[in-house]
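Step one of this worksheet: look at the structure below.
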Amino acid sequence: MATSGSVPITPVLKDELDIVIPTIRNLDFLEMWRPFFQPYHLIIVQDGDPTRTINVPEGFDYELYNRNDINRILGPKASCISFKDSACRCFGYMVSKKKYIYTIDDDCFVAKDPSGKDINALEQHIKNLLSPSTPFFFNTLYDPYREGADFVRGYPFSLREGAKTAVSHGLWLNIPDYDAPTQMVKPLERNTRYVDAVMTVPKGTLFPMCGMNLAFDRELIGPAMYFGLMGDGQPIGRYDDMWAGWCMKVICDHLSLGVKTGLPYIWHSKASNPFVNLKKEYNGIFWQEEIIPFFQAATLSKDHDTVQKCYIELAKQVKEKLGKIDGYFVKLADAMVTWIEAWDELNPSSASATTATTATNGPAKK
Ligand SMILES: O=c1ccn([C@@H]2O[C@H](COP(=O)(O)OP(=O)(O)O[C@H]3O[C@@H](CO)[C@H](O)[C@H]3O)[C@@H](O)[C@H]2O)c(=O)[nH]1
Ligand SMILES: [Mn+2]
């Protein structure tokens with residue numbers, strides 16, 4: 001435990017944040033994260049064969065769920081949780097009772113910044129989440145709330161309080177999160193570029209959300225963080241985080257919440273097999289050319305002031321508009337509704353919350 005002089009420093013949000021890890025491998029990577037993660041509670045979602053024993057390194061406080069646990073807890077609603085895809089991680093978001101979530105893959109390690117110092121990714125995500133976002137007007141000096149930065153000349157003072165931050169999207173050194181075709185063309189490419197910046201993704205702009213190094217405010221946006229129907233028995237895989245990111249961003253824009261991307265970096269160590277990945281991603285590569293225009297055009301009713309209401313409305317639109325592409329989207333739309341039902345069953349207080357999760361400030365709604 002870190003101390004300042006003789007007084008131990010309590011890690012920030014120690015009792016308000018869960019770390020969610022999906023795994024089909026092992027948890028040896030936690031040894032490297034121990035200095036940063038040990039004070040926090042872990043929620044481990046074991047994918048694949050539930051009879052396998054996953055060893056959790058000594059000294060970590062955790063709960064572990066395998067497929068049998070998911071089926072036991074959710075009953076028939078377990079059908080909305082993917083099997084044999086990292087999408088299973090969203091079960092961890094649902095069972096958590098904390099305000100914040102950090103999710104990280106089991107092949108992600110502590111990276112070093114240009115000075116050679118170990119990066120405490122969790123600490124940076126917490127800073128990102130606890131400071132406002134600027135979705136309504138772009139600040140060219142990046143994060144204005146960062147030490148040593150500010151709003152630049154011409155930035156409207158009426159917008160300088162910013163919006164609540166719902167999501168903090170971190171990046172990766174070494175193996176970049178490329179799709180299979182890009183991985184196949186550039187098998188040896190490594191990301192060595194450390195960009196020292198955090199930016200808000202502007203309102204009205206979508207982005208490809210990667211689940212590898214991601215944190216969010218579960219109370220602000222948790223019900224929108226459904227990672228979809230992927231993997232076993234599904235015609236698509238490895239679009240789990242992308243789907244969640246597109247749904248989440250449309251809802252954040254509607255509720256005037258902010259999404260940041262940039263720091264922190266982690267060191268991504270394993271390149272998954274591009275040929276296996278191509279099979280999983282194949283439909284997604286074609287479908288996304290129609291999915292993205294759908295999300296770009298999606299509008300939500302003005303009176304929909306909670307994430308659940310927005311998400312159910314989005315599910316209806318997915319069924320109507322994307323169901324024409326492939327029957328999969330009809331199934332996915334139904335699973336989106338099942339997810340919200342399961343979420344509200346496990347989180348009754350959030351279900352009854354009728355107050356809007358709108359920002360405290362930002363431009364008046366049109
Ligand atoms: O069937 C599975 C496969 C994997 N996992 C766990 O999920 C994460 C990510 O797995 P992996 O590192 O093999 O995949 P990447 O290609 O590096 O990851 C990118 O694709 C996204 C997956 O959709 C992921 O978020 C991106 O970073 C690991 O923890 C595996 O153990 C699983 O649970 N089930
Ligand atoms: Mn990986």
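The figures that follow rest on heavy atoms only: side chains count, while hydrogens, waters and symmetry mates do not. In listed order, ligands and their atoms are each counted from 1. All of these numbers come straight from a predicted model, not from anything done at the bench.
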**Report entry** Carboxylate-amine/guanidinium contact K316 E313, below 4.0 Å
**Finding:** no
**Report entry** Reference residue W287; test ring pair (Phe, Tyr, Trp, His ring centres under 6.0 Å); the match among Y239, Y282, F329
**Finding:** F329
Query raised in the report: Can M230 be said to touch ligand 1, with heavy atoms closer than 4.0 Å?
Result: no
**Report entry** For atom 21 (C) of ligand 1, closest protein heavy-atom neighbour
**Finding:** D241 OD2, 3.7 Å
Requested in this report: Output yes when a side-chain donor or acceptor of S133 lies under 3.5 Å from a complementary backbone atom of L257, and no otherwise.
Outcome: no
Query raised in the report: What's the shortest distance from atom 29 (O) of ligand 1 to any protein heavy atom, and which residue and atom give it?
Result: P22 O, 2.7 Å
Query raised in the report: Considering only heavy atoms of D177, which atoms of ligand 1 have at least one such atom less than 4.0 Å away?
Result: 19 (C)
**Report entry** Y328, OH: over 12 other non-hydrogen atoms inside 6.0 angstrom
**Finding:** yes
Requested in this report: With heavy atoms of H268 as the reference, note each atom of ligand 1 found under 4.0 Å away.
Outcome: 17 (O)
Query raised in the report: What about the rings of Y93 and F216, do their centers lie closer together than 6.0 Å?
Result: yes
**Report entry** Proximal atoms of ligand 1 relative to R89 (non-hydrogen, under 4.0 Å)
**Finding:** 25 (O)
Requested in this report: State plainly whether the residues D69 and R72 are in salt-bridge range, i.e. N to O under 4.0 Å.
Outcome: yes
Query - Close-contact set for ligand 1 against M212 heavy atoms, below 4.0 Å - result: 25 (O), 27 (O)
Report task. Take atom NZ of K99 as the centre, draw a 6.0 Å sphere, and report whether it contains more than 12 heavy atoms from other residues, nucleotides or ligands. Result -> yes
Requested in this report: Compute the centroid of each ring, for Y100 and then for H125, and state whether the two points are separated by less than 6.0 Å.
Outcome: no
**Report entry** Ring centers of W243, F295 separated by less than 6.0 Å
**Finding:** yes
Query - Salt bridge D105-R89, side-chain N to carboxylate O under 4.0 Å - result: yes
Report summary line: For atom 20 (O) of ligand 1, the closest protein heavy atom turns out to be R238 NH1, 3.2 Å
Requested in this report: Could you list which atoms of ligand 1 come closer than 4.0 Å to a heavy atom of K84?
Outcome: 1 (O), 2 (C)
Query raised in the report: Which angle, to the nearest 10 degrees, do you find at the Mn ion (ligand 2) between NE2 in H268 and OD2 in D107?
Result: 90°
Report task. Measure the distance from atom 3 (C) of ligand 1 to every protein heavy atom, then report the residue, atom name and distance (to 0.1 Å) of the closest one. Result -> I24 CG2, 4.0 Å
Query raised in the report: Can you tell me the protein heavy atom closest to atom 31 (O) of ligand 1 and the distance?
Result: D106 OD2, 2.7 Å
Report task. Do me a favour and list the nearest non-hydrogen protein atom to atom 26 (C) of ligand 1 with residue, atom name and distance? Result -> D105 OD2, 3.7 Å
**Report entry** Those atoms of ligand 1 less than 4.0 Å from some heavy atom in D107
**Finding:** 12 (O), 17 (O)
Requested in this report: Tell me whether the centres of the aromatic rings in F137 and Y155 are closer together than 6.0 Å.
Outcome: yes
Requested in this report: Can you sort out which atoms of ligand 1 are near C210, meaning under 4.0 Å from one of its heavy atoms?
Outcome: 27 (O)
Query raised in the report: Can you tell me the protein heavy atom closest to atom 11 (P) of ligand 1 and the distance?
Result: R25 NH2, 3.4 Å
Query - Close-contact set for ligand 1 against D240 heavy atoms, below 4.0 Å - result: 22 (C), 23 (O)
Query - atom 34 (N) of ligand 1 [closest protein heavy-atom partner, distance rounded to 0.1 Å] - result: D47 OD2, 2.6 Å
Query - Part of S86 within contact of ligand 1 (heavy atoms, under 4.0 Å) - result: both
Query - Short N-O contact, D196 and R146, less than 4.0 angstrom - result: yes
